[in-house]
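First up is the structure itself, then whatever we jot down about it.
Below, read A as the first sequence line, B as the second, and so on, with proteins coming before strands; counting in each chain starts at 1. Hydrogens, waters and symmetry mates play no part in the numbers below; they use all other heavy atoms, side chains included.
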Amino acid sequence: MTAVKLRKLCFRYAGSEKQALTNIDLTIEEGESVLITGPSGCGKSTLARVLMGLIPHSYPGELEGEAYVFDMDVKNTPVSRIATRCGIVFQNPDNQLFTFSVEDDVAFGPENLALPPDEIGRRVDEALRLVGIEHLRHSSPNNLSGGEQQKAAIASILSMKPSLLIFDEPTSMLDPSSSASLIERIFELKRSLDEAGGKTTVIIVEHRIDLLLKHLSRIIVISEGRVVLDGEPLRVLEESFRRGIPINIPPMLQIYFRVKDRCGLEKPPTTVRELICMLGGSVSRDG
Amino acid sequence: MVKIAVENLYFRYPEAAGFALRNVSFRIEEGESVAILGENGAGKTTLAKNLNGLLKPTEGSVKIDGVDTRSLSVAKIARKIGFVNHNPEHQFFAEKVEDEIRFGLRNFGFPEETIDKIIQEVLSVFGLEEYRGKNPFQLSGGEKKRLAIASIMAWRPEALIVDEPTIGMDYAQKMNIRRVLRRIVSEGRCVIVITHDVDFAATICERAIILSRGEVIGDGRLRELLSDDELVEKASLRKPFIIELEEETGLTGLEEDFDILSSILMEVFQKCRS
Ligand SMILES: Nc1ncnc2c1ncn2[C@@H]1O[C@H](COP(=O)(O)OP(=O)(O)OP(=O)(O)O)[C@@H](O)[C@H]1O
Ligand SMILES: Nc1ncnc2c1ncn2[C@@H]1O[C@H](COP(=O)(O)OP(=O)(O)OP(=O)(O)O)[C@@H](O)[C@H]1O
Ligand SMILES: [Mg+2]
Ligand SMILES: [Mg+2]
């Protein structure tokens, strides 16, 4: 089944002269893991809002073209119905958390899915464990640090186990080790759901790519509201580099793309040591 | 001259069981560039808010130019110590982007003609001119962050504390913010960056203060601290790419400029091949 189908999609926010999205044609199949990236203000969050039906239902503006999520036409499907299959983690966790305890926020989604209480309990436990905030279960979201809030927001979506997971900059406030483990856990969760017969689609909007790269089947680059690149991750990154699209290409690849032709490198190094060896040097110290 | 002096600072949030900061002491001199690093919940934002008087110590003291923050108004401190909140929406209240910047300048008594000039200048530095008349809440995530930085930078505080400056930033914007912060340091003012982006911190800050569970577990030259594997691990950090590169190559004084880095690496290692 197709998870996302957009045809000639255009959107302009009410009161704006500029179009935020222009002629987007995009198909994402069930089970894909896709990164959407591009310069600040290019329309990534706007696209994510369309996929949840928040555009057009909560944001006034002019929407043209077609947008389907699992065959639901977002234009005439209530957001509450789309939300039974799709979950979005917003860029700003403040917009996600609204009860007085982390636990209640994480239980809110499963409760709305009308799941039995013991299943809700299990899901809350599992989601809190996945993001590593069991100890904050009874805290008020208002009294959490930025990163702790972001983790709670992520847990509140994971507990719904949606078939389409959309994350808008999910690791922007996480410390390096939390970012790495969260990304691993998200894809472990996807794998285990897939093994149980589901097909979870993951769409991540991010500026920081390094930790995600190995999990992605595809990268889509948006620039000024248009899809400008779409395809195999490494090829897309290299093409962005050649065209000077200002996305955050990981440091190792920044160097690899610059030297590969002149030094005859055929595949990107995974560690600094490997890079040096590929260039023909030997490392200066044993580690 | 000492700009900020923190002595035996303890801080506890009302209703909280334990202290969010414990026995924190350090001094920051004029012209220093300092990164405050540490795991989620370590106390970085709490510390920043204590440095600019938004929060007052439960015990111990914070002094700005020798004066205890308890005896200064929040506005007086803000004139000297600018603080950019990690969540821009907590900072916004104006209905137009330009008024967001104007507000602080008016409050601090800048003449009207100067105000318009400054607004123009900071909007252009952050590529926000086209959004001048727009509602700040209707900007993209990265645009909000840039406006938040612009509106505090505008009144040229003597020290600037930025909480998470690189959220929502593409590569070009990140380089731009790096340039802006470095210029502030070169003018002899202080920059204090709170960030999880260790590569970014390493390109701007000479010094790092590392917090873990409310305590300082490292304070010194950033490059030295982040070369310490044990400390990096303990603080849930990561070694910056540039430090890893120096360690592996034996080269020193490298800077994060990928054109230059690539040429250096090619030259050095292609030579040893031939
Ligand atoms: N609620 C809104 N009302 C009006 N215009 C908006 C609104 N939200 C975003 N925009 C504008 O639409 C464009 C695309 O914004 P969007 O938030 O989709 O960007 P983005 O790619 O997510 O950027 P970032 O990486 O900075 O978050 C921007 O020019 C922005 O100013
Ligand atoms: N308003 C509050 N009331 C009670 N506790 C709070 C409040 N704000 C933060 N805390 C707690 O104080 C500790 C330090 O929080 P702080 O926001 O300073 O962390 P941080 O280092 O900035 O983390 P992050 O990297 O996630 O932003 C955390 O354990 C947090 O849960
Ligand atoms: Mg966005
Ligand atoms: Mg913080």
Side-chain angles (χ1 to χ4, degrees), chain A residues 13 15-16 18 37-46 91-95 136 143-148 150-151 168-169 171-180 207-208 245-252 254-255 257-259 262-263 271-273 275-276 279-285 287, chain B residues 13 15-16 38-46 86-87 89-90 130 134-135 138-143 145-146 163-164 166-175 196-199 233 235-238 241-242 244-245 247-250 256 258-259 261-263 265-266 268-270 272-274:
Chain A
Y13 287 100
S16 292
K18 214 173 60 178
T37 191
S40 168
C42 71
K44 303 180 293 298
S45 298
T46 304
Q91 198 166 6
N92 183 349
D94 262 11
N95 303 339
L136 300 173
N143 295 348
L144 299 180
S145 78
E148 290 166 346
Q150 191 163 38
K151 291 175 188 175
D168 198 346
E169 277 208 67
T171 63
S172 63
M173 289 190 265
L174 303 192
D175 63 54
S177 85
S178 299
S179 303
H207 287 288
R208 285 167 40 186
I245 302 170
I247 62 176
N248 283 296
I249 295 169
M252 190 79 78
Q254 289 269 12
I255 294 179
F257 293 147
R258 282 171 170 84
V259 305
R262 275 175 290 176
C263 301
T271 62
V272 171
R273 186 164 296 198
L275 169 71
I276 308 299
L279 287 173
S282 55
V283 292
S284 65
R285 49 158 232 181
Chain B
Y13 284 101
E15 294 163 43
E39 81 268 352
N40 291 129
K44 304 178 296 296
T45 299
T46 308
H86 77 87
N87 187 342
E89 293 188 3
H90 292 174
E130 62 173 307
K134 204 170 169 173
N135 184 324
Q138 295 182 347
L139 296 174
S140 82
E143 290 160 357
K145 191 86 218 187
R146 270 134 63 200
D163 202 347
E164 307 272 16
T166 61
I167 295 185
M169 295 300 148
D170 60 52
Y171 189 63
Q173 290 300 341
K174 212 157 113 172
M175 291 301 115
H196 295 296
D197 187 339
V198 287
D199 291 312
E233 163 98 38
S236 303
L237 290 166
R238 184 173 58 77
F241 178 75
I242 201 79
E244 213 183 314
L245 199 59
E247 287 181 355
E248 293 287 347
T249 58
E256 199 194 280
F258 294 109
D259 285 332
L261 279 179
S262 302
S263 318
L265 290 177
M266 271 193 293
V268 171
F269 293 106
Q270 295 281 292
C272 39
R273 175 142 74 177
S274 52

How about [X] and [Y]: do any of their side-chain heavy atoms sit closer than 4.5 Å?
X      : Y      : value
A:D94  : B:N87  : yes
B:D199 : B:R238 : yes
B:H196 : B:N40  : yes
A:Y13  : B:Q138 : no

Pairs of heavy atoms under 4.5 Å with chain B: top-ranked of [options]:
options                        : result
A:I245, A:N143, A:I247, A:L174 : A:L174
A:M252, A:R262, A:Q254         : A:Q254
A:N92, A:I249, A:L136          : A:N92
A:S40, A:S177, A:G147          : A:S40

Report which part of [X] has an atom under 4.5 Å of a heavy atom belonging to chain A: side chain, backbone, both, or neither.
X      : answer
B:E233 : neither
B:S236 : both
B:K44  : neither
B:E164 : side chain
B:F258 : both
B:E256 : neither
B:D259 : both

(Q) Taking side-chain hydrogen bond (donor to acceptor under 3.5 Å, both in side chains) as the criterion, tell me which of A:E169, A:K44, A:Q150 meets it with A:Q91. (A)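 Result for side-chain hydrogen bond (donor to acceptor under 3.5 Å, both in side chains) with A:Q91: A:E169.
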
Checking [X] against chain B: side chain, backbone, both or neither under 4.5 Å from a heavy atom?
X      : value
A:K151 : side chain
A:S145 : side chain
A:T171 : neither

(Q) Run the side-chain contact (heavy atoms from CB on, under 4.5 Å) test on A:S179 and A:R208 for me, step by step, so that the C-alpha distance in whole Å, both residues' side-chain angles and the decisive distance to 0.1 Å come before the verdict. (A) CA-CA 10 Å; A:S179 303; A:R208 285 167 40 186; 3.5 Å; yes

Q.
Between B:D197 and B:K174 (salt bridge meaning N to carboxylate O under 4.0 Å), is one present in this structure?
A.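 Yes, charged N to carboxylate O under 4.0 Å.
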
Q.
Can you see whether A:D168 engages A:S45 through a side-chain donor-acceptor pair at a distance of less than 3.5 angstrom?
A.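 Per modelled atom types, A:D168 and A:S45 side chains form a pair under 3.5 Å.
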
(Q) For a side-chain contact (heavy atoms from CB on, under 4.5 Å) check, start with the C-alpha distance between A:L279 and A:V259, then their side-chain angles and the critical distance, and finish with the verdict. (A) CA-CA 9 Å; A:L279 287 173; A:V259 305; 4.1 Å; yes

